[in-house]
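Hydrogens, waters and symmetry mates play no part in the numbers below; they use all other heavy atoms, side chains included. Numbering of residues begins at 1 and proceeds along the displayed sequence.
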Amino acid sequence: MAENVKLYRRIADSIAEAIESGQYKLGDRLPTERELAEQYGVSRPTLREAMIALEMLGMIEARHGLGIYVTGNVRPVATTNAEPTSEIGAFELIEARRLFEGEAAALAATAISDEQILELEALMERMAREEEIQGEDADREFHMVIARASGNGAIIATIENLWEWRNRSPLARNILTRARGMGLEPRIVEHRRVFEALKARDPAAARQAMRDHLERVIDHLLHATETEAVQRAKQETSARRSAIAKRVAI
């Protein structure tokens with residue numbers, strides 16, 4: 001496969017090819033996520049993105065307590081010519097943000113102005129009191145103030161671009177929408193730790209606080225994509241119970 005194809009996409013393509021070739025047939029259960037991650041030598045977030053990509057194509061379905069099952073054996077034709085750069089996943093984005101924004105926070109701690117400190121404090125207050133969408137806007141601006149405080153134009157452009165990919169990438173939008181439905185909101189306590197480190201002009205503490213914050217975002221995304229399957233299973237179980245109750249009542 002081409003070197004510029006994203007890692008999760010290579011894994012998804014490999015599993016899709018196995019399904020299309022008949023290695024895994026309709027109705028078959030795939031190996032567990034842990035087994036697949038070990039087989040391909042990738043992290044749990046990368047494997048999860050591959051699974052969600054295949055789910056979006058209608059090729060697999062995760063059934064809580066039962067496993068991952070093959071539900072389609074042919075990929076839609078439109079996906080064969082998809083632009084790889086438009087398929088950056090949410091986990092990839094957060095991992096990249098953790099790398100760049102951690103260093104941006106460390107650099108900002110050495111140069112941040114008193115006015116920017118006050119701006120960050122006001123943004124945290126907005127995150128705490130505003131509705132979800134406005135809170136997300138304040139969250140983004142909080143991170144962009146830190147990027148600007150670094151004083152490095154390349155860092156500012158890179159971080160801004162990473163935030164924009166949240167809306168450009170269908171896969172990232174899908175995962176973040178699931179997470180939003182499970183309560184992914186600006187994490188005030190973690191932002192406060194970043195803020196305090198910046199206020200203290202402590203580069204090492206700012207770097208670590210930012211990395212810790214974004215690591216917890218990754219954990220939340222993993223939990224949210226699991227919890228959605230759990231909730232779906234509960235709803236299906238409830239529906240079956242209702243149907244049985246109606247039959248018994250007749």
Begin from the C-alpha positions of L30 and E35 and carry the test side chain to side chain contact (heavy atoms under 4.5 Å, CB included) through to its verdict. CA-CA 9 Å; L30 294 180; E35 291 169 337; over 6 Å; no

Worked check of side chain to side chain contact (heavy atoms under 4.5 Å, CB included) between V145 and L123: CA-CA 10 Å; V145 168; L123 287 166; 3.9 Å; yes

Donor-acceptor side-chain pairing of E101 and W163 below 3.5 angstrom: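 There is such a pair (donor and acceptor under 3.5 Å, judged by atom type) between the side chains of E101 and W163.
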
Could you pull out the closest heavy-atom pair between [X] and [Y], with the gap in Å?
X: M59; Y: N73; value: CE-C, 4.1 Å
X: A147; Y: I156; value: O-CG1, 3.3 Å
X: L36; Y: P31; value: CD1-O, 3.6 Å
X: L107; Y: S150; value: CD2-O, 3.6 Å
X: K25; Y: V70; value: O-CB, 3.3 Å
X: I188; Y: A128; value: CD1-N, 3.8 Å

Is a salt bridge present between [X] and [Y], judged by a nitrogen-to-oxygen distance below 4.0 Å?
X: R211; Y: E215; answer: no
X: E141; Y: R148; answer: yes
X: R126; Y: D139; answer: no
X: E136; Y: R140; answer: no

E103 and side-chain contact (heavy atoms from CB on, under 4.5 Å): which partner among R207, M210, R98?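 Looking at R207, M210, R98, the match for E103 under the side-chain contact (heavy atoms from CB on, under 4.5 Å) is R207.
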
Can you list the residues that meet the side chain to side chain donor-acceptor pair (under 3.5 Å) rule with S43, with sequence neighbours excluded?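 S43 satisfies side chain to side chain donor-acceptor pair (under 3.5 Å) with T46 once adjacent residues are dropped.
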
Please identify each residue that fulfils side chain to side chain donor-acceptor pair (under 3.5 Å) with Q23, with sequence neighbours left out.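 Once residues adjacent in sequence are excluded, Q23 has no partner under the side chain to side chain donor-acceptor pair (under 3.5 Å) criterion.
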
From [atom1] ([X]) to [atom2] ([Y]), nearest 0.5 Å:
X: Y8; Y: F91; atom1: OH; atom2: CZ; result: 12.0 Å
X: L26; Y: T71; atom1: CG; atom2: OG1; result: 8.0 Å
X: L162; Y: R97; atom1: CG; atom2: CZ; result: 8.0 Å
X: T32; Y: I68; atom1: OG1; atom2: CD1; result: 7.5 Å
X: L47; Y: L7; atom1: CG; atom2: CG; result: 9.5 Å
X: M127; Y: R129; atom1: CE; atom2: CZ; result: 11.0 Å

Going through the distances and angles, do E95 and I218 end up as a side chain to side chain contact (heavy atoms under 4.5 Å, CB included)? CA-CA 8 Å; E95 286 172 347; I218 291 173; 3.8 Å; yes

Could you go through residues 197-206 and list every donor-acceptor pair under 3.5 Å that involves a side-chain atom there, pairing it with any protein atom two or more places apart or in another chain?
| residue | atom | partner | partner atom | Å |
| --- | --- | --- | --- | --- |
| R201 | NH1 | K199 | O | 3.2 |
| R201 | NH2 | I112 | O | 3.1 |
| R201 | NH2 | D114 | OD1 | 3.1 |
| D202 | OD1 | A204 | N | 3.3 |
| D202 | OD1 | A205 | N | 3.1 |

Hydrophobic clustering (ILVMFWY, side-chain heavy atoms < 4.5 Å, transitive) - are L99 and W165 grouped together?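 Linked within one cluster.
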
Can you check whether [Y]'s main-chain N or O pairs, donor with acceptor, with [X]'s side chain at less than 3.5 Å?
X: S14; Y: R10; answer: no
X: E160; Y: M144; answer: no
X: R48; Y: L222; answer: yes

Check the pair H220 / R216 against side chain to side chain contact (heavy atoms under 4.5 Å, CB included), numbers first and verdict last. CA-CA 6 Å; H220 181 88; R216 290 188 179 91; over 6 Å; no

Within-4.5 Å side-chain heavy-atom neighbours: I60 and M51: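 In short, these two side chains touch, coming nearer than 4.5 Å.
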
Looking at F100, I want to see if its CZ is surrounded by more than 12 non-hydrogen atoms of other residues, nucleotides or ligands under 6.0 Å.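 Counting neighbours around CZ of F100, 12 or fewer heavy atoms of other residues, nucleotides or ligands fall under 6.0 Å, so no.
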
